[in-house]
Amino acid sequence: MRGAGFFGFWLLLARPAGGESWADLAVGLLAAALATWTSLRLLAPGATRVRWGALLRLIARFLWQSIVAGLDVARRVLDPRLPIRPGFLAYPVRIPDGPRRAAFGALTSLMPGTLPVGGDPDGALVYHCLDLDQPIASSLARDEDLLVAAQGGAATGD
Amino acid sequence: MSLPAPVDLGLAALVLGLAGWVITTSATYRAAEGFVAYGLVLALVWVRLGSVDVALTEAALGSGLTGLLLLRAAARLPADDPAETTRPGPGVRVVAAVLCTAVAGALAAVVLLLPEPAPSLAPAVAANLSATGVGNPVTGVLLAFRAVDTLGESIVLVLALVGLWSLAPDDAWGGRPGFLRGPAAASPLRFLAQVLPPFGILVGIHLLWIGADHPGGKFQGATVLAAMWVLVLVAGLRQPPRVTSRPMRGLAVFGSLVFVGIGTAGAWLAGAFLAYPEGLAKPLILSIETALMLSVAVILGLLLAGPPEPDDAAGVRS
Amino acid sequence: MSDATLFGLCGAALVGLGLYGLICHPGALRKLLAFNLVGSGVFLLFGAVARRGAASGFGGDPVPQALVITGLVVAFAATALAVALVVRLAQAAGRTDLDPEPPARSEATPERPS
Amino acid sequence: MSAVEISTVFTVFAVSLGSLFFLAGTLGLLRLPDTLTRLHALTKADNLGLGLIVLGLLPQVSSPLGWIGLIAVWLLALLAGATVGQLLAGALRPSDGTPPDRGGGSA
């Protein structure tokens with residue numbers, strides 16, 4: 001599965017024009033195999049099944065929220081009064097520490113008004129927020145629910 | 001005589017400005033940061049000069065890896081280093097400025113007085129490139145017409161590594177390289193180091209593979225591979241190998257050995273050291289490139305990882 | 001003025017700037033940074049020569065370009081070795097200037113056996 | 001209008017809009033009071049700006065591989081931006097966890 005993805009990425013790089021030799025293809029397969037091996041060693045696959053429906057909803061929400069986030073920042077910056085109320089907020093994240101929580105951090109760093117700055121001793125993620133008056137915690141909770149659902153598991157299971 | 005394009009003027013001004021910042025700023029760490037930016041702008045200059053091969057090397061090696069090396073070194077220096085604050089007196093500085101202006105002026109005069117029409121080996125390369133079966137003239141020069149230089153360079157890299165390791169104190173020998181070890185990396189960095197390397201491997205092999213006919217090649221590919229390895233090391237996902245590890249040492253000299261082996265075979269089959277038999281030039285060049293890329297990637301990574309340190313060093317020093 | 005001449009002059013200026021830094025900074029790491037500037041200035045001179053030698057359908061003379069690539073790799077190896085020396089010097093002496101006079105402080109600095 | 005003209009207009013529109021967001025991000029860099037809030041402006045506005053530029057360029061590329069390639073560029077830039085943004089933010093986090101209490105204009 002990952003191997004096919006990496007071979008696809010190779011094709012993107014190589015841009016086949018139709019005049020390839022077998023050698024080109026063989027090198028591509030070899031490169032994809034190496035990449036897959038590395039990927040499996042660095043990031044062991046968990047026992048998860050991707051739920052496509054939930055994944056599609058997650059992607060849709062991500063795209064929509066990206067637009068909202070960009071517009072939100074642009075509006076605040078262009079407003080002569082500069083309406084921001086920055087501050088920190090600890091969000092008790094349910095996803096256990098590891099690659100998935102990192103993925104959640106990366107995802108939410110692109111969402112409107114939130115930027116993870118690290119964890120705190122209680123296991124929560126600390127966010128820097130552009131405007132504390134926004135309903136940030138509930139928005140984060142929705143992101144988290146969707147991410148967990150897309151990975152086909154309960155929030156605590158791995 | 002035509003005027004240079006505004007973009008060239010802007011790039012030249014930016015390069016000189018950043019170089020001035022590297023020289024004049026007071027803190028070493030900031031100077032190293034400036035050097036990274038300087039290297040990236042310089043890569044753009046190389047693109048404007050029509051040398052995409054050099055631009056790729058400059059961006060990856062000159063700016064990226066050298067910058068990382070200098071930044072980590074600057075962070076390790078003692079904070080109360082007297083070298084950070086002392087400066088020579090105004091007399092010395094004026095003399096130095098006059099002297100350096102004279103050197104730069106002489107070089108500038110040389111540039112302005114370069115012979116016209118410019119001598120060039122490009123026609124000679126173009127005439128003989130087809131014999132190598134390689135489409136990228138720079139790769140042709142590196143591995144066919146001036147292969148001795150490249151062989152020497154691959155050996156210089158091995159020697160640099162030997163020199164680096166010989167700086168280790170006696171009690172550290174047999175330990176693991178220590179420059180890249182540090183406190184536990186932040187979770188986003190670990191995530192990046194888990195996700196990015198496979199893509200880097202694909203890009204590195206791609207650069208090698210197209211290097212025969214397009215800009216790219218073993219050095220650029222090796223730099224990308226080394227960068228991925230260093231990312232994994234910095235993120236703490238893997239430990240660098242012990243300096244006594246035999247597989248790692250073997251990999252480091254593998255490229256030079258293959259190069260020498262094929263070169264010696266050429267002396268026997270094609271009549272001269274490093275000559276390639278007719279028709280076999282391209283596959284032989286590709287084998288050398290592949291072997292060299294592996295070795296260069298390993299050596300670059302190890303050069304960045306620094307000399308070995310005692311096993312308990314990370315725990316004791318704090 | 002062609003782009004080759006412009007960047008050639010730029011390279012000459014970089015050599016001068018780097019040389020000045022090399023002389024005027026007491027810290028070894030700063031000297032190393034300055035020396036890298038000198039190196040890139042020399043490479044840029046090569047680049048100007050390569051650009052002027054554009055012929056036979058190539059954007060530049062490939063021979064100087066190949067030499068610069070070789071030079072960049074060797075420069076990196078030399079820099080790595082020099083950085084290791086500087087770090088070792090800092091470990092041993094607690095300072096990185098190359099002043100031959102023994103500093104008063106260094107008596108207090110514990111010397112590692114080597 | 002022919003299909004080609006429509007796609008050209010779409011490209012010009014989307015790319016200009018994307019550039020506007022880059023401009024907004026830069027303006028945020030200048031106007032916002034501290035580095036953490038500036039990071040917000042950069043990561044969010046550049047994500048949308050680059051996304052719009054990629055969207056605008058899609059009709060100009062004929063092969064499906066080209067489309068996926070453009071989208072891959074966007075995704076890799078997102079990964080890089082998100083990672084670097086978090087790393088910088090983590091480095092800038094005040095050690096006692098109190099908000100940097102300055103420049104907060106009332107909403």
Side-chain angles (χ1 to χ4, degrees), chain B residues 4 8 12 15-16 19 22-23 28 31 35 42 45 48-51 53-54 57 61-62 66 69 73-74 76-78 81-84 86 88 93 96-97 100-101 103-104 107-108 111 118 120-123 125-126 137-138 141-142 146 149 153 156-157 160 163-164 167 169 219 303 306-307, chain C residues 1 3 5-10 12-17 19-21 23-24 26-27 29-30 33-34 36-37 40 47-48 50-63 65-66 68-70 72-74 76-77 79-81 83-88 90 94-97 112 114:
Chain B
D8 288 334
V15 162
L16 289 177
V22 170
I23 295 295
T28 305
F35 185 78
L42 205 59
V45 169
R48 295 293 301 170
L49 282 170
S51 317
D53 288 279
V54 181
T57 317
L61 197 59
T66 310
L69 186 70
R76 283 175 73 101
L77 290 186
D81 188 353
E84 278 282 285
T86 51
R93 278 189 279 172
C100 297
T101 314
V103 171
L107 283 173
V111 169
S120 173
L121 289 169
V125 172
V138 178
V141 172
L142 278 174
R146 302 283 315 168
D149 289 356
E153 168 188 20
V156 163
L157 281 175
L164 185 81
L167 291 173
F219 292 128
L303 284 176
Chain C
M1 188 159 56
D3 56 349
T5 315
L6 173 73
F7 289 127
L9 292 177
C10 187
L14 285 175
V15 172
L17 257 174
L19 215 51
Y20 176 79
I23 296 172
C24 286
L29 201 61
R30 294 302 292 268
L33 270 165
N36 267 293
L37 288 186
S40 57
R51 182 60 162 178
R52 284 166 46 87
S56 309
F58 297 152
D61 186 347
V63 176
Q65 290 179 11
V68 169
I69 291 181
T70 309
L72 276 167
V73 177
V74 173
F76 173 78
T79 306
L81 189 56
V83 161
L85 272 169
V86 173
V87 170
R88 191 82 183 82
R95 50 189 290 149
T96 63
D97 54 349
R112 276 175 77 176
S114 58

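Labels below follow one simple rule: chain letters A, B, ... track the order of the sequence lines, proteins then strands, and each chain is numbered from 1.
The two atoms that bring Ala66(C) and Val141(B) nearest to each other are CB-CG1, 3.5 Å, heavy atoms only. The shortest heavy-atom contact between Arg88(C) and Leu167(B) is NE-O, 2.9 Å. Nearest heavy atoms, Leu164(B) versus Ala80(C): CD1-O, 3.6 Å. Nearest heavy atoms, Ala34(C) versus Ile23(B): CB-CD1, 3.9 Å. The shortest non-hydrogen separation linking Ala73(B) to Val87(C) is CB-CG2, 4.3 Å. Residues Ala108(B) and Leu9(C) approach most closely at CB-CD2, 3.5 Å, considering heavy atoms.
Atom CG of residue Leu303(B) and atom CG of residue Leu81(C) lie 8.0 Å apart, to the nearest 0.5 angstrom. Atom CD1 of Ile69(C) sits about 12.5 Å away from atom CG of Asp149(B), to the nearest 0.5 Å. Note that CG of Leu72(C) is 8.0 Å distant from OG1 of Thr66(B), once rounded to the nearest 0.5 Å. In this structure, Leu69(B) CG and Thr79(C) OG1 are separated by 7.0 Å, a value rounded to the nearest 0.5 Å.
At a threshold of 4.5 Å between non-hydrogen side-chain atoms, the residues Thr101(B) and Tyr20(C) do not count as touching. Side-chain atoms of Ile23(C) and Cys100(B), non-hydrogen and from C-beta on, do get closer than 4.5 Å to each other.
The residue among Val103(B), Leu142(B), Asp53(B), Val54(B) with the most heavy atom pairs within less than 4.5 Å of chain C is Val54(B). When each of Gly16(C), Cys24(C), Ala90(C), Ala13(C) is checked for heavy-atom pairs under 4.5 Å with chain B, Cys24(C) comes out on top.
For chain B, the nearby parts of Val63(C) are the backbone and the side chain; heavy atoms of each come within less than 4.5 Å. Only the side chain of Leu42(B) comes within contact range of chain C, judged by heavy atoms closer than 4.5 Å. Val68(C) touches chain B through its side chain: at least one heavy atom from C-beta onward sits under 4.5 Å away, while N, CA, C and O do not.
Side-chain atoms of Arg30(C) come within 3.5 Å of backbone atoms of Val22(B) as a donor-acceptor pair (strictly under, hydrogens ignored).
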